[in-house]
Structures are given as C-alpha cells and as structure tokens.
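What follows is a single structure, written as structure tokens, with notes after it.
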Amino acid sequence: METKWFTLRTVEDKESIAQAADILRRGGLLAIPTETVYGLGADGLDETAVLHIFEAKGRPQDNPLILHIPDASWLTRYCEDVPDAAYKLAERFWPGPLTMILKKKPCVPLRTTGGLETVGMRCPDHAVTRAIIEASGVPVAAPSANTSGRPSCTTAEHVREDMWGKIDGIVDGGPCQVGVESTIIDLTVTPPQLLRPGGLPLESLRDALGEVTVDKAVTQKMGDGEKPRAPGMKYRHYAPHAKVTVLTGDGAETAAYIRAHITPGGGVICFDEYVKLFPDCVTHPLGAEGDKAEQARRVFDALREFDHTDVTEIFAQCPDDTGLGLAIGNRLKKAAG
Ligand code: AMP
Ligand code: MG
C-alpha cells in the first residue's frame, strides 16, 4: 500500500487537513499526532476500518480502542447516561491527556470496544488533529501507532518505522509534548476508578472529583487468570528487544547499584546527573532527576532507541510514583515485563 506523508503544523493548511480527513471518511487508516503519543486512527463507527487498525498493529481483538472527538459536545452522540463528573473533567482537563470510560450507545460497534458495553472517550490537545477529526465528521478510534508490543511512537519518524506501507497516511504534527499515553478513568463505577496512569496525574483527578480508587493492575503484577479492568493492561507492552531491569529509589544509590552490576556495553536509562558514570555503556538520559515532564517525553524514545543497538541488557532508573512518576514507572515496569 502507498502511504501518503503530510507535514502539517498549522490548522491554516486547510488543503492537507481536508485530504487527511478524507482518508478517515473513506474508511482508511491515518496516523495522527496527539500531545500524548501518535495514534493510528480510523472511523470508529466503521467496523471494517476498525478491523484494519487491529490488523496493521497486530493488536489482539479484545484490546479496546479509544474514540477521539474534537470537544465534549460530541459525547452524547456516542455515550449513554453521561454523568456530571464527565463534563466537570472535560471542562477542566480537555483538550488533554485524559480518557473517560462511559456507557456506549449502540452506534459504537463492539469491534471498537473489544466487546465491552463501555467506550473510552478523549479529546486530544493537538489543534491539527482536532481539525482533521472535525473535518472528517466521525469519531476517530485510535490506539497508539506502534506495532503491538513495541514502544509507543512520539515522533512521526517512529510511526514510519512501524507503519510505512501498511497504512494510507501519516500526519507529521511534530514531536509529542507529553510523551506517555492518556490517563484512563472509569466513570461507570462509584467512586470513579483509575484504570491506567498517564499524562494527567492522579492527584489532579482527586483534586477535581474527591475519591478516586486505583485498579490493582496499575500497581501490582496480575496473577494468572486475574483480569485487569482495562484490558490493555494485561499485555506486555512497550518492550525493547533487550532485558530491562528497573530501579526505584534515591538516584545516587540506584546509579551506584547499576555501576556495580552492569557489564561494559550494557544499556542504561538514567537521570542526566548520572550519565558520566557510564562512559563504557550505551546511555539514554531520561532528563534531570527532578524533571518528570521531560522524563515522560523521553521514556519511549529511550526504549525504542535501544532496538537500534546490540544491547542485550538495560538498567533503568525510575522516578517515585507521585505526579507523572506513576505513569513513567508504569511504562518502564511494563517494558521490564
Ligand atoms: P491505547 O493502547 O493507548 O490505545 O489505549 C487503549 C487502552 O485503553 C486499552 O488497552 C484499554 O486498556 C483501555 N480502554 C479502552 N477502552 C476501554 C474500555 N471501554 N474499558 C476499559 N478500558 C478501556
Ligand atoms: Mg498502545
């Protein structure tokens, strides 16, 4: 298949927006930029188009997709019994890295929701992508644009690596500003429950809603036969080819631990302050120890870059689990399996 490349940095580029929207409207596959990670989009109401997303990614069919909309006014088109909490969160955090799980209307195919009666809804903080969705007139089902099991894509070049020749178009809207996927909150249960940590901190949700519980799958390893409530959480995600060991705790101490255990030529993902301790290793700095926003932006690039090397073992420093740290740690630990 021929893949069309759009470099699209402004909503003023109406011609390219119309062409990109046309791909969606005709049931095609289009990689779209968002503030979190690149998405692989298709018309979320078109079962065949949605099937093609699963095929292009090699994604298991029971792993549901998130519907992307240009604003909260589209919620009632696809969702039943939308609670006040949804509008409250949308008002405060949309457009932004927050997905809400709501009861779906019959027009949303089970193919899109992995067989569930609920659907994930999000409004991405990327003006070009919102303009494309608006122009297409359809809600865009979009999982991350990586091949299933690989680290998510935070640049259009990464999407090219995984999807060239398999999809109809790639929209290059620049590097992702957040770098980890959206936070997912289930609003069909009381109190609301965090299903996946992401670009919006849990603390912000609690600040807006009061009590928010946390699904066991977020912090603990699931036992055999246990089912996480966000189906995607059961898969080993974001995996580089090398074995990954994740270290939490004081940066100077974990750096000393890595120094003592690593063999020359090994891989290290570490805070900027400690890079100089590993001159004989392949290092990917994650950002300064105190700068979690930068760490979130870089975590997937670091994991992905190691696949271009012969490194067989990676040690990774991990921030504490407050703020964005919960999401960064979750992605690193999933990479470690
Ligand atoms: P991504 O893989 O980043 O596209 O995010 C999709 C993830 O959102 C899935 O793997 C699920 O974990 C979660 N998700 C989407 N829809 C639902 C839903 N209706 N109920 C629970 N989790 C969902
Ligand atoms: Mg994904």
**Report entry** Criterion side-chain contact (heavy atoms from CB on, under 4.5 Å) on Q317 and I258, from CA distance to verdict
**Finding:** CA-CA 9 Å; Q317 287 190 300; I258 297 170; 3.9 Å; yes

What one should report as the nearest heavy-atom pair of P33 and T129 is O-OG1, 2.5 Å

query: Are any side-chain N or O atoms of T10 and backbone N or O atoms of E12, one a donor and one an acceptor, separated by less than 3.5 Å?
result: yes

Tell me if a side-chain donor or acceptor on R122 pairs with a main-chain N or O of T183 at a distance below 3.5 Å. no

Report yes if some heavy atom in the side chain of I185 is under 4.5 Å from a heavy atom in the side chain of V212; otherwise report no.
yes

Is the shortest side-chain heavy-atom distance between P106 and E80 below 4.5 Å?
yes

Test side-chain contact (heavy atoms from CB on, under 4.5 Å) on I262 and V268; report intermediate values, then the result. CA-CA 9 Å; I262 198 160; V268 183; 3.4 Å; yes

Would you say the side-chain atoms of D13 and S16 include a donor-acceptor pair closer than 3.5 Å? yes

Nearest heavy-atom approach of S148 to G58 is CB-O, 3.2 Å

Students should find that the hydrophobic cluster of L116, defined by side-chain heavy atoms under 4.5 Å apart, otherwise consists of none

Given 3.5 Å as the limit, does a donor-acceptor pair link the side chain of K4 with the main chain of V171, or not? no

Separation between CG (D250) and OH (Y257), nearest 0.5 Å, reads 15.5 Å

Scanning both residues in full, the closest heavy-atom pair of G199 with L324 reads O-CD2, 3.5 Å

query = Can you tell if the side chain of P139 reaches within under 4.5 Å of the side chain of L45, non-hydrogen atoms only?
reply = yes

Exercise for review: Report yes or no: do I184 and L326 belong to one cluster of Ile/Leu/Val/Met/Phe/Trp/Tyr joined by side chain heavy-atom distances under 4.5 Å?
Suggested key: no

Heavy atoms of L102 and P83 approach each other most closely as CD2-CD, 3.6 Å

Answer yes or no: is there a donor N or O on one side and an acceptor on the other, between the side chain of E35 and the main chain of D125, under 3.5 Å?
yes

**Report entry** Donor-acceptor contact below 3.5 Å, side chain T118 vs main chain K103
**Finding:** no

Separation between CG (L187) and CG (L209), nearest 0.5 Å, reads 7.0 Å

Assess whether side-chain contact (heavy atoms from CB on, under 4.5 Å) is satisfied between K104 and Y78, documenting all intermediate values.
-> CA-CA 6 Å; K104 81 170 187 72; Y78 314 113; over 6 Å; no

With side chains defined as the heavy atoms from C-beta onward, is the minimum distance between V214 and L202 less than 4.5 Å? yes

Pair T154-D301, side-chain donor/acceptor within less than 3.5 Å: yes

Taking W74 as the starting point, is it possible to reach V128 by hopping between hydrophobic residues whose side chains are less than 4.5 Å apart?
yes

Review point. Any link between I69 and I132 through a network of hydrophobic side chains (Ile, Leu, Val, Met, Phe, Trp, Tyr) touching at under 4.5 Å?
Key: yes

Is a side-chain N or O of S144 found less than 3.5 angstrom from the main chain of N146, in a donor-acceptor match? no

Task: Side-chain touch L67/V108, heavy atoms, less than 4.5 angstrom - done: yes

Q.
Any salt bridge linking E294 with R297? Criterion: basic side-chain nitrogen under 4.0 Å from a carboxylate oxygen.
A. yes

* Linking I/L/V/M/F/W/Y whenever their side-chain heavy atoms sit closer than 4.5 Å, directly or via other members, would I23 and V11 fall into one cluster? -> yes

Sidechain N-carboxylate O distance under 4.0 Å for R26, D22: yes

All heavy atoms of P143 vs all of R59, minimum pair found to be CB-NH1, 3.4 Å

Side chain to side chain contact (heavy atoms under 4.5 Å, CB included) test vs K333 passes for just one of T219, I328, V246, namely V246

**More than 12 heavy atoms from other groups under 6.0 Å of CG on D280** = yes

Side chains of L110 and E117, heavy atoms from C-beta outward: is any pair under 4.5 Å? yes

- Task: Evaluate the ring planes of H284 and F306, with Trp represented by its six-membered ring, and classify them as parallel (under 30°), tilted (30 to 60°) or perpendicular (over 60°).
- Result: perpendicular

NZ (K105) and SG (C79) are apart, to the nearest 0.5 Å, by 8.0 Å

In short, ring pair (Phe, Tyr, Trp, His ring centres under 6.0 Å) pairs touching residues 80-116 with sequence neighbours left out are none

>> Go through it in stages, so that I can follow the logic: the residues are L205 and L200, the test is side-chain contact (heavy atoms from CB on, under 4.5 Å), and I'd like the CA-CA distance, side-chain angles, deciding distance and then a yes or no.
In response: CA-CA 8 Å; L205 291 172; L200 183 76; 3.8 Å; yes

Tracing side-chain contacts under 4.5 Å among Ile, Leu, Val, Met, Phe, Trp and Tyr outward from Y38 reaches W5, L29, L40, V50, I53, F54, L65, V159, M163, W164, I167, I170

The complete set of side chain to side chain donor-acceptor pair (under 3.5 Å) pairs with one or both residues in residues 39-48, sequence neighbours excluded, reads none

Q) L247, V275: one ILVMFWY side-chain cluster at the under-4.5 Å cut-off? A) no

**Request:** State, yes or no, whether a side-chain contact exists between P124 and P95 at a heavy-atom distance under 4.5 Å.
**Result:** no

Residue pairs passing the salt bridge (Lys or Arg N to Asp or Glu O under 4.0 Å) test with at least one member in residues 154-163, sequence neighbours excluded, are R150-E161, R150-D162, E157-R160, E161-R304, D162-R304

What I want to check is whether the side chains of T322 and K292 have a donor and an acceptor closer together than 3.5 Å. yes

Margin query: Any salt bridge linking E55 with K166? Criterion: basic side-chain nitrogen under 4.0 Å from a carboxylate oxygen.
Written below: no

Check: T36/E181 side-chain N/O donor and acceptor closer than 3.5 Å
no

Rounding to 0.5 Å, atoms OG1 (T99) and CG (L89) come to a distance of 11.5 Å

For D172 and G174, the nearest pair of non-hydrogen atoms, with its separation, is OD1-N, 2.9 Å

The side chain to side chain donor-acceptor pair (under 3.5 Å) partners of E289 (sequence neighbours excluded) come to Y274

In this structure, OG of S182 is separated from NE2 of H68 (nearest 0.5 Å) by 6.5 Å

Does D207 reach the side chain of R92, with side-chain heavy atoms less than 4.5 Å apart? yes

To the nearest 0.5 Å, atom CD of Q295 lies from atom CG of L286 at 5.0 Å

Test: D272 and R298 ion pair at under 4.0 Å: yes

Requested in this report: Keeping the roles fixed (side chain from T3, backbone from G165), state whether a donor-acceptor pair exists under 3.5 Å.
Outcome: yes

